[in-house]
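Just so you know, residue 1 is the first one in the sequence shown, and it goes up from there.
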Amino acid sequence: MNHSFMLKAEWDGGRNSQGTIEAGQLKTAISIPKEMGGPGIGTNPDEMLLGAAATCYLITLAAMMERGGLPVERLSLESEGIVDVTNNVFTYVSITHKPYIVLKAEAGEKDVEHALRLAEKAESSCMISRAVAGNVALSTVPRVEKA
């Protein structure tokens, strides 16, 4: 079964202009970021790729932990994307996910080990990670604690 996702975009000029995108619940302004010489209005492709990778990873990890019966108290994530600019060529180099998993106080050491394994496995299970694999270096630095 295929699922179709549609996006509509508007752009009002040249490189340093701005536009809008709309796709389902996502509605936002877009432009080139200030760090790359643009106006920095709204979001940009670099943030959106990082956002897609991070949300896919987080949802995948949460589902895997639920299926694994882990006693999760709290789950959060910080992700970092690195873009290289050499000779005016922009290349998305890497994405690093840093999940922070807090298990309930009654969790045992096997639960902690299981959470760490799932945090690593979620990267290769996420469809966005699979889509960019081979083009962008992907890594995961999980932290697991008990409440």
Please enumerate all residues that pass side-chain contact (heavy atoms from CB on, under 4.5 Å) together with [X], with sequence neighbours excluded.
X: Glu66; answer: none
X: Glu113; answer: Arg117
X: Pro71; answer: Lys104, Glu106, Ala107, Asp111

- [ ] Report the hydrophobic cluster partners of Ile128, with the cluster defined as I, L, V, M, F, W, Y residues connected by side-chain heavy atoms closer than 4.5 angstrom, directly or transitively.
- [x]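 The other cluster members (ILVMFWY side chains, heavy atoms under 4.5 Å, direct or chained) are Met127.
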- [ ] Linking directly or through intermediates, with side-chain heavy atoms under 4.5 Å: list the remaining ILVMFWY members grouped with Met1, chain and number order.
- [x] none
- [ ] Can you establish whether the number of heavy atoms outside Lys98 located under 6.0 Å from its atom NZ is more than 12?
- [x] no
Using the rule that Ile, Leu, Val, Met, Phe, Trp and Tyr join whenever any side-chain heavy atoms are under 4.5 Å apart, tell me whether [X] and [Y] fall into a single cluster.
X: Leu61; Y: Ile59; value: no
X: Tyr100; Y: Leu118; value: no
X: Val102; Y: Leu75; value: no
X: Ile30; Y: Leu7; value: yes
X: Val85; Y: Ile32; value: yes

Side-chain donor-acceptor pairs of residues 49-58 under 3.5 Å, sequence neighbours excluded:
from: Thr55; atom 1: OG1; to: Gly51; atom 2: O; distance (Å): 2.8
from: Thr55; atom 1: OG1; to: Ala52; atom 2: O; distance (Å): 3.4
from: Tyr57; atom 1: OH; to: Ala119; atom 2: O; distance (Å): 2.7

Task: Sequence neighbours excluded, every pair satisfying ring pair (Phe, Tyr, Trp, His ring centres under 6.0 Å) that has a member inside residues 1-50 - done: none
Name each donor-acceptor pair under 3.5 Å that joins a side chain in residues 12-24 to protein atoms two or more places apart or in another chain, with its distance.
from: Asp12; atom 1: OD1; to: Gln18; atom 2: N; distance (Å): 3.2
from: Arg15; atom 1: NH2; to: Met36; atom 2: O; distance (Å): 2.8
from: Ser17; atom 1: OG; to: Gly14; atom 2: N; distance (Å): 3.0
from: Ser17; atom 1: OG; to: Gly14; atom 2: O; distance (Å): 3.3

Open item on the list: I need the minimum non-hydrogen distance between Ser125 and Met64, along with the two atoms involved.
Closed with: OG-CE, 4.1 Å
TODO: Heavy atoms only: give me the nearest Ala115-Ile101 pair and the separation to one decimal.
DONE: O-CD1, 4.1 Å
Open item on the list: Taking side-chain hydrogen bond (donor to acceptor under 3.5 Å, both in side chains) as the cut-off, I'd like each qualifying pair that reaches into residues 78-87, sequence neighbours left out, listed once.
Closed with: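 Residue pairs passing side-chain hydrogen bond (donor to acceptor under 3.5 Å, both in side chains), neighbours aside: Ser79-His97, Asp84-Thr86.
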Show the atom names and distances, to 0.1 Å, of all donor-acceptor pairs under 3.5 Å that link a side chain in residues 131-143 to residues at least two apart or in another chain.
from: Ser139; atom 1: OG; to: Thr96; atom 2: OG1; distance (Å): 3.0
from: Thr140; atom 1: OG1; to: Glu123; atom 2: OE1; distance (Å): 3.3
from: Arg143; atom 1: NE; to: Glu145; atom 2: OE2; distance (Å): 3.3

Task: Qualifying salt bridge (Lys or Arg N to Asp or Glu O under 4.0 Å) pairs with a residue from residues 31-54, counting only residues at least two apart or across chains - done: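 The answer is none; no pair qualifies.
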Task: Qualifying disulfide bond (SG atoms under 2.5 Å apart) pairs, either residue in residues 58-97, two or more places apart - done: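 Qualifying pairs: none.
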